[in-house]
Student: 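Let me give you the structure first, and then I'll get to my questions.
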Amino acid sequence: SKAELQAAAIPELKEPVQMTASAGNKLSVTAILKNGKKISASFNVPMLKVNTAVKEYCNSLSVQGKMPDKIISCYGGLIENSVKITSIDEKTVYKKGTDFTVDSKFSRIRKVKTSVMKFPVYLNYQYRLHRIDSVILKDGKLSYRIGKEVRIIPEAPALETGEIRVANVYLSPDTVKLTYGNCYPISERFYPVKRPPVTDKLLPKTMKKLRSGEPLIILAWGDSITNTSYEIPNWKRARWQVQFVNGLKKRFPKANIKLITEAWGGHNSNHYLNPQLNPGPGMPHNYQERVLDRKPDLIVSEWANDAWMSYSLLTGPNSNYKKMLYDFRKIGAEWIILATPYGTPNGPFDAASQKNIVHRTQYHSFLRQFAPANRIPLADVSARYVRLAKQGVPIMALGTYGVHPGEAGLKVFADALLDLFPEK
């Protein structure tokens, strides 16, 4: 609503700042303050540093290729014409096109099938990382603060007392000159949509136990985003389910919660439910033993990998989700479904495209029909992700190549879950 958008806007501004990029990597910013005063400033934006890797040891290189060590998960960071591959004694210099190719978009070096390249070899290359800078308002003046260049999950620079962040500038690894695509004016400080909590009506058993202090078993069930053992700092603390449970404990001081995580990276719900794919009794990820037999009070499912599932498995007579609903109700478990962002390892990764991410998949359409039709709370993380650019946040800043969220991205998951619950 208009009121929600106004509440989320920067209160010190009449409207979001205007940003213009011009030759020489110059940024012009104009802001209209709440009192109507117009202020402007221009800044020289330094481009990303070109880093050099020399004699990086490499003992194998397939036709599928690999990312050099310095830029793993930094898509677009490898400078194509800089790559040089030599033998360990450096007497042989292998030829681009004949022995190897370079995919700059995915930062991968691939061996040509017919190459006689002998391993180990040395990789020599140049690369860029990525960075988020901020335009800051304080005492009626605009200033520019440069962030830190990092391989994955860049963060906007910290603010000092009295400072207000009014825009970000995202330099994706492929940035060689400043354009408007790098500019992220902030129009929303937070996700503006406020809906009434639904859990008192839809999760009565869970709510009773949260308030009374009776033991409550919550099972987080999903794929790698639930497992979270990928390359992000403090991954155990960062997990969405840990942030969610910590949030519940703050709201409900008597809460006595036992959190169980059952996650299978690189798989989807069909690998649990399909008898031909499901591991047998006594094996890790057995559906009966690892999900149903644990008798959870509340199951929170996160299945980003279900976005690749056929529509018949979602809606047909053998629908996985209909089976889950039947099985969970049979054991007396309540259920929340996470509608996850639709990350893709195929990009886009450039700064401009990060502002126009949408998640219009059949999976999201299905969940948005299935959940309310069956009185299941839906935590719509996807709806939050598509608005992040309005908060000055590129998707690439929240995870590794836009697929695996970092701690800040996983907080969006936890926030979507907590918004289903009352404040006390």
Student: Heavy-atom distance under 4.5 Å between the side chains of Ile225 and Leu338, does that happen here?
Tutor: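 In short, these two side chains do not touch, never coming nearer than 4.5 Å.
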
Student: Should the ring pair His130 and Tyr170 be called parallel, tilted or perpendicular, given that the plane angle runs from 0 to 90° and is split at 30 and 60?
Tutor: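 Tilted: the ring planes of His130 and Tyr170 meet at 30° to 60°.
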
Student: Between Met396 and Phe349, is any pair of side-chain heavy atoms under 4.5 Å apart?
Tutor: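 They are in side-chain contact.
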
Student: May I ask you to say whether Glu163 pairs ionically with Arg145, meaning some side-chain N is under 4.0 Å from a carboxylate O?
Tutor: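 Yes, charged N to carboxylate O under 4.0 Å.
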
Student: Mind listing the closest non-hydrogen atom pair of Asp223 and Asn305 along with its distance?
Tutor: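 So the two residues come closest at OD2-N, 3.0 Å.
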
Student: Do Ile217 and Pro296 have side chains that approach each other closer than 4.5 Å (heavy atoms only, starting at C-beta)?
Tutor: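 Side chain of Ile217 against side chain of Pro296, heavy atoms only: contact under 4.5 Å found.
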
Student: Taking side chain as C-beta onward, heavy atoms only, is Val169 less than 4.5 Å from Met19?
Tutor: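 In contact.
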
Student: Determine the minimum heavy-atom distance between Lys26 and Asn44, stating which atoms define it.
Tutor: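 Heavy atoms of Lys26 and Asn44 come nearest at NZ-OD1, 2.8 Å.
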
Student: So do the side chains of Ile39 and Lys141 get within less than 4.5 Å of each other, counting heavy atoms only?
Tutor: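 Not touching, per the 4.5 Å side-chain cut-off.
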
Student: What I want to check is whether the side chains of Asp306 and Tyr321 have a donor and an acceptor closer together than 3.5 Å.
Tutor: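 Yes, because at least one side-chain N or O of Asp306 sits under 3.5 Å from a partner of the opposite role on Tyr321.
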
Student: I need the minimum non-hydrogen distance between Ala53 and Lys70, along with the two atoms involved.
Tutor: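 In this case the closest contact between Ala53 and Lys70 is CB-CG, 4.1 Å.
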
Student: Between Gln241 and Thr261, do the side chains contain an N or O donor and an N or O acceptor separated by less than 3.5 Å?
Tutor: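 On atom types as modelled, these side chains qualify, holding a pair under 3.5 Å.
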
Student: Decide whether a cation-pi geometry holds between Lys355 and Tyr180; the criteria are a distance under 6.0 Å from NZ or CZ to the six-membered ring centre and an angle within 45° of the ring axis.
Tutor: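 Cation-pi check for Lys355 and Tyr180: passes.
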
Student: Side-chain contact test, heavy atoms from C-beta onward, threshold under 4.5 Å: evaluate it for Asn278 versus Leu273 and give yes or no.
Tutor: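 They are not in contact (no side-chain heavy atoms under 4.5 Å apart), so the answer is no.
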
Student: Given side chains that start at C-beta, do those of Arg151 and Ser73 come closer than 4.5 Å, heavy atoms only?
Tutor: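 In short, these two side chains touch, coming nearer than 4.5 Å.
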
Student: What's the separation between atom CG in Leu420 and atom OG1 in Thr206, rounded to the nearest 0.5 Å?
Tutor: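 Result: 11.5 Å between the selected atoms.
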
Student: Return the orientation label for the Phe106 and Tyr75 ring planes: parallel under 30°, perpendicular over 60°, tilted otherwise.
Tutor: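 If you compare the ring of Phe106 with that of Tyr75, the planes turn out perpendicular.
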
Student: Look at the rings of Tyr127 and Tyr125 and say which category their plane angle falls in: under 30° parallel, 30 to 60° tilted, over 60° perpendicular.
Tutor: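 Rings of Tyr127 and Tyr125: tilted, 30 to 60°.
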
Student: For the pair Lys209 and Asp297, find out whether any cationic side-chain nitrogen is under 4.0 Å from an anionic carboxylate oxygen.
Tutor: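 Asp297 and Lys209: salt-bridged.
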
Student: Quick one, Asp415 and Tyr191 - any side-chain contact, counting heavy atoms below 4.5 Å?
Tutor: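 Of all side-chain heavy-atom pairs linking Tyr191 with Asp415, none is under 4.5 Å.
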
Student: Just checking, is any N or O donor in the side chain of Thr226 or Glu302 under 3.5 Å from an acceptor N or O on the other one?
Tutor: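 Present: a donor and an acceptor within the cut-off.
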
